[in-house]
There are 2 protein chains.
Amino acid sequence: MESSNDGLLDAAFMALADPIRRSIIARLSHGSATVNDLAEPFAISKQAVSKHIQVLEQAQLVTRSRDAQRRPVHLNPERLEALTAWIGQYRLVREDQFRNLDAVLRSSAASRGRQTKDQS
Amino acid sequence: MESSNDGLLDAAFMALADPIRRSIIARLSHGSATVNDLAEPFAISKQAVSKHIQVLEQAQLVTRSRDAQRRPVHLNPERLEALTAWIGQYRLVREDQFRNLDAVLRSSAASRGRQTKDQS
DNA sequence: TTCTTATTCAACCAGTTAGTTGATCAACTA
DNA sequence: TAGTTGATCAACTAACTGGTTGAATAAGAA
């Protein structure tokens, strides 16, 4: 698990690490929109917004189509699911940790603060 | 919703947009570890790993404590939850979209490809 | 005290990102 | 045809990121 689609995870997390791009995602979540529409709320140039959209597109968080001169942008929810799936892995493990917590607390290793090499 | 903790979202997504840092999270998900432990699997210097950990710490994805010379790193699952919560917002909206999909398909606006300004 | 281990700080370099402006392309409209 | 709109390309700059090495700090161990 991991490593095959590392690049896509990189790209998706990176893409969302920007408030403008997250705002674009939010806007798209209730309907597709053109670059012009998406650029309108921001105080930056349309070229800059176009670049942001390219970043989202490379991360496959959005797709694009053609409508005359327009290039409507659409949300691709599958990639968002991939992120929750990645995070979800560690939520499950964490629950295991809680399940074992009292056992750990009783062990001498924990009391000596050597919880460093207790596995692998 | 949004904008108050924008900075934390920025930092968290950015922090996870790196395979080394994601790998550190994965490692921490089954137990705390020191910088030395965390650095071991990687072909980069310990200083570099230390910087990665600082990035994770600033994003509050991990916390640190003190054990003699060691500074053990611990996973902070709450921040991971915050990310799934953010993404989850748009999953919900998307389900609304699906719920309304047939209605949209019947409307004239959708057939003309003008799904651009159909709200706000 | 001196030595060793664990970690960080500081300065630096190479590559990348986010923004700019100006020109260009693509497709509709008069 | 010429003009307009929507979007991208190209070149550039400023700021940041990820890595390096070498020195410094903190805490045990001899």
Side-chain angles (χ1 to χ4, degrees), chain A residues 6-7 9-25 27-28 32-59 61-74 112-118, chain B residues 6-7 9-25 27-28 31-59 61-74 112-117:
Chain A
D6 246 36
L9 280 175
D10 283 9
F13 279 121
M14 171 67 88
L16 295 180
D18 182 292
I20 288 183
R21 288 193 292 258
R22 281 200 307 280
S23 178
I24 289 173
I25 292 288
R27 169 73 174 73
L28 291 175
S32 302
T34 66
V35 176
N36 252 317
D37 294 333
L38 293 171
E40 192 258 342
F42 303 111
I44 60 176
S45 68
K46 292 176 186 189
Q47 290 96 321
V49 172
S50 187
K51 282 192 194 178
H52 279 301
I53 292 169
Q54 284 175 47
V55 170
L56 291 168
E57 194 181 12
Q58 261 195 292
L61 288 165
V62 305
T63 58
R64 318 200 59 178
S65 54
R66 163 73 70 180
D67 169 28
Q69 312 104 302
R70 269 140 263 144
R71 310 281 325 275
V73 186
H74 321 280
R112 285 270 32 240
R114 293 287 292 104
Q115 65 268 69
T116 278
K117 283 204 113 54
D118 45 12
Chain B
D6 247 35
L9 280 176
D10 283 9
F13 278 121
M14 173 65 88
L16 295 180
D18 182 292
I20 290 184
R21 288 193 291 259
R22 282 201 306 280
S23 178
I24 288 174
I25 292 290
R27 168 74 173 72
L28 291 175
S32 301
T34 66
V35 176
N36 251 317
D37 296 334
L38 292 171
E40 193 257 344
F42 303 111
I44 60 175
S45 68
K46 293 175 186 189
Q47 291 96 321
V49 173
S50 186
K51 280 193 195 178
H52 279 302
I53 293 168
Q54 284 176 48
V55 171
L56 290 167
E57 193 180 12
Q58 261 196 292
L61 288 164
V62 305
T63 58
R64 318 199 59 180
S65 54
R66 164 71 72 179
D67 167 28
Q69 313 103 303
R70 269 141 262 144
R71 309 283 321 278
V73 186
H74 321 280
R112 285 273 29 243
R114 292 287 293 104
Q115 65 268 65
T116 278
K117 282 202 110 58

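This structure is a prediction, so every number in the text was calculated from the model and none was measured. Each chain gets a letter, A, B and so on, in the order the sequences are listed, and its residues count up from 1.
Closest-nucleotide positions on DNA chain C for B/E57 and A/R66 were compared, and the one nearer the 5' end corresponds to B/E57.
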Listed pairs under 3.5 Å, donor-acceptor, residues 50-59 of chain B side chains, sequence neighbours left out:
from  : atom 1 : to    : atom 2 : distance (Å)
B/H52 : ND1    : B/R21 : NH1    : 3.1

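Considering every non-hydrogen atom in both A/R27 and A/S32, the closest pair reads NH1-O, 4.3 Å. Summarising the geometry of B/F42 relative to B/S23, their closest heavy-atom pair is CZ-OG, 3.5 Å, with the distance given to 0.1 Å. Minimum interatomic distance between A/R66 and A/Q69 (heavy atoms only, all atoms of both residues): NH1-O, 3.7 Å.
Rounded to whole Å, the distance from CD on B/Q69 to P on D/dA29 is 7 Å.
Applying the salt bridge (Lys or Arg N to Asp or Glu O under 4.0 Å) test to pairs two or more places apart or on separate chains, those with a residue in residues 9-18 of chain B are A/R22-B/D10.
Each of A/R71, A/R70, A/K46 was checked for a side chain to side chain donor-acceptor pair (under 3.5 Å) with A/N36, and the lone residue meeting it is A/K46.
Close approach of DNA chain C to chain B, defined as any atom under 4.0 Å from a non-hydrogen atom of the protein, starts and stops at C/dT5 to C/dA11.
An angle of 10°, rounded to 10°, separates the two end axes of the helix from C/dT1-D/dA30 to C/dA30-D/dT1, each defined over five pairs.
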Test side chain to side chain contact (heavy atoms under 4.5 Å, CB included) on A/I24 and A/V62; report intermediate values, then the result. CA-CA 10 Å; A/I24 289 173; A/V62 305; 5.6 Å; no

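Counting heavy atoms from C-beta outward, A/L38 and A/L28 have side chains that approach closer than 4.5 Å. Side-chain atoms of B/L16 and B/L61, non-hydrogen and from C-beta on, do get closer than 4.5 Å to each other.
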Name the pairs: protein N/O against N/O of nucleotides 17-20 of chain D, kept only if under 3.5 Å.
from   : atom 1 : to    : atom 2 : distance (Å)
D/dG18 : OP1    : B/R21 : NH1    : 3.4
D/dG18 : OP1    : B/R21 : NH2    : 3.1
D/dG18 : OP2    : B/R21 : NH1    : 3.2
D/dG19 : OP2    : B/H52 : NE2    : 2.2
D/dG19 : N7     : B/K51 : NZ     : 3.2
D/dG19 : O6     : B/K51 : NZ     : 2.3
D/dT20 : OP2    : B/S45 : N      : 2.9
D/dT20 : OP2    : B/S45 : OG     : 2.8
D/dT20 : O4     : B/K51 : NZ     : 3.4

